[in-house]
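Report on the structure given below.
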Amino acid sequence: MPASAHRFTDYDPFAWLYATRWGSEYHEQAYTVLQQLILHQLTPGASILDLCCGDGRLAQVLDFKGFDVMGVDGSERMLEFARERSPRVPFTAGDARTFAVERKVDAVISTFDALNHVMSPDDFAAVCRQVFEALRPAGYFAFDLNREEAYTQLWAQTSAQVEPEMVSLAVGSWDADNRTAHCDITLFRLYVDRWTRSDFRLSEYCHREEDVLSSLYAAGFAEAKAFDASTDLGMWGNIAKGRSYYLARRAV
């Protein structure tokens with residue numbers, strides 16, 4: 001495993017918070033956006049790999065819609081939630097930079113700025129190469145990434161959630177010089193009569209559009225294009241701010 005793979009275990013304590021409290025605004029719109037971008041171009045029952053699938057919310061919807069879905073994620077705890085949601089979908093642990101599939105697929109998707117967690121242009125290029133190898137000829141790769149506006153307007157904030165059995169505090173920051181964002185989270189959970197505390201950090205890298213497109217073409221994709229989540233795809237709310245979607249296609 002690459003040296004930075006230890007990052008993924010750091011996301012295990014985040015899994016419960018994400019699966020039960022985070023992401024609803026995004027996932028309410030995710031399928032509709034993907035339908036516009038890529039799903040309408042796939043045949044019924046087409047095979048889709050959900051790369052960095054998280055807790056499996058989108059994979060669950062795609063499975064319900066009749067697609068042949070599989071999922072890969074770096075966090076075992078996230079995958080536990082995914083398997084609970086969709087027991088018949090095969091979910092496996094893997095690194096987006098080095099994963100492999102037993103059979104090639106018609107499409108690979110990676111959503112909710114999952115690939116911003118790939119922390120360098122070189123590592124992102126490695127992801128593109130692995131995805132290219134996983135696709136059948138004429139296969140599609142669709143994903144989204146945060147742009148700088150998302151970090152300056154949304155990440156660089158402090159927020160809190162307070163409930164009778166849970167308290168969380170998230171402190172975000174943005175380092176423009178290094179194009180990195182961090183969110184330090186402290187989570188308190190009540191178990192019967194005892195409170196437990198966990199602390200963890202989420203980190204993202206702001207990839208430049210020109211680097212993203214260059215990596216896709218260098219990996220062998222014949223077509224690649226960027227779309228604005230709001231103006232091009234109709235996404236709304238905070239999750240649309242500073243978000244770009246990309247669609248790439250392998251040659252026939």
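In what follows, residues are counted from 1 in the order of the sequence shown.
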**OP:** Tell me whether Val171 is reachable from Tyr151 by hopping between hydrophobic residues (I, L, V, M, F, W, Y) whose side-chain heavy atoms are closer than 4.5 Å.
**Re:** no

Original post:
Do Val127 and Phe143 touch side chain to side chain, with heavy atoms closer than 4.5 Å?
Top reply: no

**OP:** Keeping the roles fixed (side chain from His207, backbone from Val118), state whether a donor-acceptor pair exists under 3.5 Å.
**Re:** yes

Subject >> Close aromatic pair by centroid cut-off 6.0 Å: Phe227 and Tyr245 >> reply: no

Subject >> Atom pair CZ/OG1 of Arg147 and Thr152 - distance to nearest 0.5 Å >> reply: 10.5 Å

Original post:
Is any side-chain heavy atom of Arg77 closer than 4.5 Å to a side-chain heavy atom of Phe14?
Top reply: no

**OP:** Output yes when a side-chain donor or acceptor of Gln29 lies under 3.5 Å from a complementary backbone atom of Trp236, and no otherwise.
**Re:** yes

**OP:** Decide yes or no for Leu42 and Ile48: does some side-chain heavy atom of the first lie under 4.5 Å from some side-chain heavy atom of the second?
**Re:** yes

**OP:** Examine distances only and state if a side-chain atom of Arg179 and a backbone atom of Cys206 form a donor-acceptor pair shorter than 3.5 Å.
**Re:** yes

Original post:
Should we say atom NZ of Lys104 is surrounded by more than 12 heavy atoms from elsewhere, each under 6.0 Å from it?
Top reply: yes

Subject >> Spacing of Tyr205 atom OH and Asp175 atom CG [to the nearest 0.5 Å] >> reply: 10.5 Å

**OP:** Answer yes or no: are there more than 12 heavy-atom neighbours, outside Glu102 itself, under 6.0 Å from its atom CD?
**Re:** no

Subject >> Reported CG-to-NE2 distance for the pair Leu202 and His117, which is rounded to 0.5 angstrom >> reply: 6.0 Å

Original post:
Which pair of non-hydrogen atoms, one from Phe221 and one from Ala248, has the smallest distance, and what is that distance?
Top reply: CD2-CB, 3.7 Å

**OP:** Examine distances only and state if a side-chain atom of Tyr217 and a backbone atom of Ala224 form a donor-acceptor pair shorter than 3.5 Å.
**Re:** yes

**OP:** Taking all non-hydrogen atoms of both residues into account, name the closest pair between Ala96 and Phe99 and its distance.
**Re:** O-CD2, 3.3 Å

Original post:
Do the non-hydrogen side-chain atoms of Trp16 and Arg21 ever get within less than 4.5 Å of each other?
Top reply: yes

**OP:** Working to the nearest 0.5 Å, report the span between CH2 of Trp22 and CD1 of Ile185.
**Re:** 3.5 Å

Subject >> Closest non-hydrogen atom pair between Cys52 and Ala114, with its separation >> reply: CB-CB, 3.5 Å

Original post:
Just wondering, do Leu62 and Tyr31 contact through their side chains at under 4.5 Å, heavy atoms?
Top reply: yes

**OP:** Kindly indicate whether the side chain of Phe188, heavy atoms from C-beta on, has any atom under 4.5 Å from the side chain of Trp195.
**Re:** yes

Subject >> Any donor-acceptor pair under 3.5 Å from His182 side chain to Ser203 backbone >> reply: no

**OP:** Could you walk me through whether Leu169 and Thr158 pass the side-chain contact (heavy atoms from CB on, under 4.5 Å) test, one step at a time?
**Re:** CA-CA 7 Å; Leu169 177 67; Thr158 297; 3.8 Å; yes

Original post:
What's the verdict on side-chain contact (heavy atoms from CB on, under 4.5 Å) for Glu148 and Trp174, showing C-alpha distance, side-chain angles and the deciding distance?
Top reply: CA-CA 9 Å; Glu148 187 168 341; Trp174 164 243; 3.6 Å; yes

Subject >> Glu25 side chain to Asn238 backbone, donor-acceptor under 3.5 Å >> reply: yes

**OP:** Look at the side-chain heavy atoms of Ile, Leu, Val, Met, Phe, Trp and Tyr, link any pair under 4.5 Å apart, and say whether Val61 and Phe81 land in one connected group.
**Re:** yes

**OP:** Consider only side-chain heavy atoms of I, L, V, M, F, W and Y, link residues closer than 4.5 Å, and tell whether Phe132 and Leu216 are in one cluster.
**Re:** yes

**OP:** Could you give me the CA-CA distance, side-chain angles and deciding distance for Phe112 and Leu58, then say whether side-chain contact (heavy atoms from CB on, under 4.5 Å) is met?
**Re:** CA-CA 10 Å; Phe112 209 178; Leu58 186 53; over 6 Å; no

Original post:
With distance as the sole criterion, is a donor-acceptor pair present between the side chains of Asn146 and Glu204 under 3.5 Å?
Top reply: yes

**OP:** Hey, could you give me the CZ/CG distance between Arg189 and Leu17, rounded to the nearest 0.5 Å?
**Re:** 9.0 Å

Original post:
Any sub-3.5 Å donor-acceptor pair from Ser168's side-chain atoms to Leu187's backbone N or O?
Top reply: no

Subject >> Ring-face cation of Arg57 near Tyr26 (centre distance under 6.0 Å, axis angle within 45°) >> reply: no

**OP:** Please report the closest heavy-atom contact between Ala19 and Asp55, naming both atoms and the distance.
**Re:** CA-OD2, 3.4 Å

**OP:** Check whether any side-chain heavy atom of Gln60 lies under 4.5 Å from a side-chain heavy atom of Val89, and answer yes or no.
**Re:** no

Subject >> Leu79 vs Cys53, side-chain contact (heavy atoms from CB on, under 4.5 Å): CA-CA, chis, key distance, verdict >> reply: CA-CA 8 Å; Leu79 292 174; Cys53 62; 3.8 Å; yes

Original post:
So, does Asp113 use its side chain to make a donor-acceptor pair with the main chain of Asn116 at under 3.5 Å?
Top reply: no

**OP:** Tell me whether Leu190 is reachable from Val167 by hopping between hydrophobic residues (I, L, V, M, F, W, Y) whose side-chain heavy atoms are closer than 4.5 Å.
**Re:** yes

Subject >> Phe141 six-ring face occupied by Arg250 cation (under 6.0 Å, within 45°) >> reply: no

**OP:** Any chance you could lay out the salt bridge (Lys or Arg N to Asp or Glu O under 4.0 Å) test for Asp68 and Arg103, step after step, and finish with the verdict?
**Re:** CA-CA 12 Å; Asp68 178 13; Arg103 55 185 174 88; 2.9 Å; yes

**OP:** Give a yes or no answer on whether the side chain of Asp73 reaches the backbone of Gly54 with a donor-acceptor pair at less than 3.5 Å.
**Re:** yes

**OP:** For Ile38 and Ala107, work out which heavy atoms get closest and say how close.
**Re:** CD1-CB, 3.9 Å

**OP:** Search all heavy atoms of Thr180 against all heavy atoms of Met119 and return the closest pair with its distance.
**Re:** CG2-CE, 4.1 Å

**OP:** Mark yes or no for whether Ser110, through its side chain, and Leu51, through its backbone, hold a donor-acceptor pair below 3.5 Å.
**Re:** yes

**OP:** Please check if any side-chain donor atom of Thr111 sits under 3.5 Å from a side-chain acceptor atom of Asp144, or the reverse.
**Re:** no

Subject >> Reported CG-to-CG distance for the pair Leu115 and Asp123, which is rounded to 0.5 angstrom >> reply: 11.5 Å

**OP:** Check whether any side-chain heavy atom of Ser244 lies under 4.5 Å from a side-chain heavy atom of Asp232, and answer yes or no.
**Re:** no

